[in-house]
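Worksheet for the structure shown next.
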Amino acid sequence: MVISLEILWYIIAALGAGIGTGLAGLSAATVMVPILIVLCPSFAGETGAYQATAIALASDILGSAVTAYTYGKNKNIDLRRGWIMLVCILTMCTVGSYVAFIAGNMVLGSFTLFLTFFIGIRFLIKPDTTRKETSAKGEKLDWKGVAVSLFFGLTIGFGTGFVGTGGGMMMLVVFTAFLGMELKTAVGTSTFIMTFTALIASVSHILIHPAILLEKWDVMLLCIAVATVASLVSARFANKADNRTVGLVTGAVLTLLGGSMLLLNFFPNITSTPLVIQIAGCLGRLVLYIIPCVLILLPVRFLTKVPSFVFRKLLHIVAFTCFTVVMMPAAGSWQAAALTSVIIAVVIYPLLAAFEGRSWYAKLFVEKSSGEIKKSLLMLFFMFAAVIAFAWGLLGKSYIAAAAILMWGTGDAAAALVGIPFGRHKVNFPPINGGKSWEGTAAMLLVSFLAGCGMLCIWGGYPYGIIPAVLLGAVTGAATELFSPSEWDTVTVPVAVLAVLLLLL
């Protein structure tokens with residue numbers, strides 16, 4: 001059973017490696033090594049990660065070759081701009097291979113796992129690495145291009161031998177971001193170089209540690225065959241698909257793979273850390289709250305004629321209440337609450353960036369400008385983390401942190417829900433623009449005051465004598481909202497309210 005299950009993981013690892021190579025010029029090790037060292041017991045020994053790296057490099061040889069051939073047929077290789085990188089990488093990969101053997105299993109394995117995860121995140125955030133201005137194919141390198149090629153060629157060459165990645169991802173970034181290549185040309189050029197670097201690094205690994213070939217020859221042959229076929233098929237797809245689609249598919253696969261492998265690899269350490277358990281509990285409560293909210297909001301958006309500004313505020317209400325009402329009261333510590341907010345920000349931004357080009361995205365979210373939703377949510381959750389860390393963590397006043405966030409959130413929603421349809425008297429004196437009304441400001445002040453009293457007096461157990469301080473906080477928040485640009489009131493209003501409450505309470 002163990003043997004058959006391992007064979008399945010070998011095939012899955014090789015398939016993922018081949019797809020990554022063909023789609024985006026990623027080396028086989030980026031996908032293959034994490035699976036082998038985490039899920040296959042036969043690679044758990046002292047040199048397991050080193051053996052997995054050698055097998056991945058061997059799989060890269062034919063996989064990169066057929067990929068480069070496919071891209072070359074479509075005229076997507078530019079060695080005129082890549083020859084310096086080729087020479088440098090070939091020179092240094094043997095050195096890196098020897099250092100990798102000395103470094104040992106733990107260093108090499110952990111580095112590869114984190115590399116896989118962050119490469120995936122990078123693709124989700126920016127799936128198309130092509131610059132607006134690309135260089136013509138075959139254009140001669142200028143002195144800056146030569147310097148960039150030398151620097152990155154030497155460092156990538158060492159990393160190729162050390163990590164066994166073939167340098168595909170790093171070459172892709174250098175070729176597109178620094179040397180101006182179009183994405184598919186960069187993939188074709190990098191896989192051409194990887195064919196030779198993988199060959200040299202693979203031979204170096206085997207010569208340094210011959211047991212790889214003697215003990216794992218059957219695994220190596222299986223992975224080479226599967227990865228080569230997968231590379232050929234995915235390369236043909238990539239040359240027909242647009243750059244954004246290729247980048248998003250690659251990012252999703254690598255992020256999921258890297259995250260799951262990190263979780264499995266460090267699971268014993270994670271489950272024994274109280275803070276991690278608290279964060280998991282916070283995330284679980286948030287998920288249980290958000291899922292029914294989503295199930296309610298989706299029909300509201302697509303099956304009713306609710307105004308767009310109303311739906312925006314419904315989304316805002318879910319965002320701030322999930323922290324102040326659901327998560328913070330149940331969090332075991334301020335660290336857990338703040339880190340949960342940061343984790344959500346880190347996860348949600350690339351997800352929104354990945355889907356914002358879709359037609360349904362524009363229908364679901366109402367954006368005032370391009371990218372406004374993902375930027376505002378990023379600011380929102382980092383603001384939550386900062387307020388929690390300062391008021392709760394530094395000063396020990398958790399309910400004041402929750403009150404400041406709740407007063408801003410409820411007040412902001414009330415200002416829009418009242419001000420937009422019923423705001424007849426506009427606030428026109430400088431520097432306030434004419435879009436805000438006295439009716440909306442009054443609604444914000446009243447609702448913010450009531451929310452602050454509810455949080456501090458009822459749930460927080462503060463005496464009712466603090467009501468004047470809450471009223472002053474509400475007035476300050478409403479005034480700050482009037483003078484703040486709309487894209488910054490997410491930060492300015494809760495900070496202003498928090499400052500007043502902390503000074504007076």
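Within the structure, every pair that satisfies the ring pair (Phe, Tyr, Trp, His ring centres under 6.0 Å) test and touches residues 180-200, not counting sequence neighbours, is listed here: Phe192-Phe196. Among residues at least two apart or in separate chains, side chain to side chain donor-acceptor pair (under 3.5 Å) pairs with a member in residues 285-298 are Tyr289-Thr321.
For the residue pair Ser202 and Ala54, the shortest heavy atom distance occurs at OG-O, 3.9 Å. Lys184 and Ala238 get closest at one heavy-atom pair: CE-O, 3.2 Å. In terms of heavy-atom proximity, Tyr71 sits nearest to Gly22 at OH-O, 2.9 Å. Considering all non-hydrogen atoms of both residues, Met85 and Val174 come closest at CE-CG1, 4.0 Å. Ser190 approaches Met171 most closely through the heavy-atom pair O-CE, 3.6 Å. Met328 and Ala401 get closest at one heavy-atom pair: CE-CB, 4.1 Å.
In this structure, CH2 in Trp392 is found 8.5 Å from CD in Gln335, a value given to the nearest 0.5 Å. With rounding to the nearest 0.5 angstrom, the CG atom of Leu315 is 8.5 Å from the CZ atom of Arg301. Put simply, CG on Leu288 and SG on Cys293 are 11.0 Å apart, with the number rounded to the nearest 0.5 Å. Note that CG of Leu297 and CD1 of Ile290 are 11.0 Å apart. Values are rounded to the nearest 0.5 Å. In this structure, the separation between CD1 on Ile291 and CD1 on Ile296 is 12.5 Å, given to the nearest 0.5 Å. How far NZ of Lys73 is from CZ of Arg236: 6.5 Å, rounded to the nearest 0.5 Å.
Evaluated for a side-chain contact (heavy atoms from CB on, under 4.5 Å) with Met194, the options Thr189, Leu86, Asp60 yield exactly one hit, Asp60.
Taking Phe382 as the reference, Val342, Ala345, Leu378 meet the side chain to side chain contact (heavy atoms under 4.5 Å, CB included) condition, with sequence neighbours excluded. Evaluation of the side chain to side chain contact (heavy atoms under 4.5 Å, CB included) rule for Leu199 yields Ile61, Val203 as partners, not counting sequence neighbours. For Ile279, the side chain to side chain contact (heavy atoms under 4.5 Å, CB included) partners two or more places apart in sequence, or in a different chain, are Leu275, Leu283, Ala336, Leu339, Thr340, Ile343. For Lys216, the side-chain hydrogen bond (donor to acceptor under 3.5 Å, both in side chains) partners two or more places apart in sequence, or in a different chain, are Gln51. In terms of the side chain to side chain contact (heavy atoms under 4.5 Å, CB included) criterion, residue partners of Leu377 (sequence neighbours excluded) are, by chain and number, Ile348, Leu352, Ile373, Leu380, Phe381. For Arg312, the salt bridge (charged side-chain N to carboxylate O under 4.0 Å, His left out) partners at least two apart in sequence or on another chain are Glu372. For Lys374, the side-chain hydrogen bond (donor to acceptor under 3.5 Å, both in side chains) criterion is met by Glu356, not counting sequence neighbours.
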One pair to check against side-chain contact (heavy atoms from CB on, under 4.5 Å): Val148 and Leu179. What are the steps and the verdict? CA-CA 8 Å; Val148 167; Leu179 300 184; 4.3 Å; yes
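Side-chain contact between Ser42 and Tyr10 is present, with heavy atoms from C-beta onward closer than 4.5 Å. Using a 4.5 Å cut-off on side-chain heavy atoms (C-beta onward), Cys322 and Met327 make no contact. At a threshold of 4.5 Å between non-hydrogen side-chain atoms, the residues Phe43 and Ile55 count as touching.
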Result block: side-chain N/O donor-acceptor pairs under 3.5 angstrom for residues 217-235, not counting sequence neighbours:
| from | atom 1 | to | atom 2 | distance (Å) |
| --- | --- | --- | --- | --- |
| Thr228 | OG1 | Ile224 | O | 2.6 |
| Ser231 | OG | Gly18 | O | 3.3 |
| Ser231 | OG | Ala227 | O | 2.7 |
| Ser234 | OG | Gly18 | O | 3.2 |
| Ser234 | OG | Ala230 | O | 2.8 |
| Ser234 | OG | Ser231 | O | 3.2 |

Using a 3.5 Å cut-off and no angle test, enumerate the donor-acceptor pairs between side-chain atoms of residues 31-40 and protein atoms at least two apart in sequence or in another chain.
none

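Without hydrogens or angle criteria, Thr195 side chain to Thr191 main chain gives a donor-acceptor distance under 3.5 Å.
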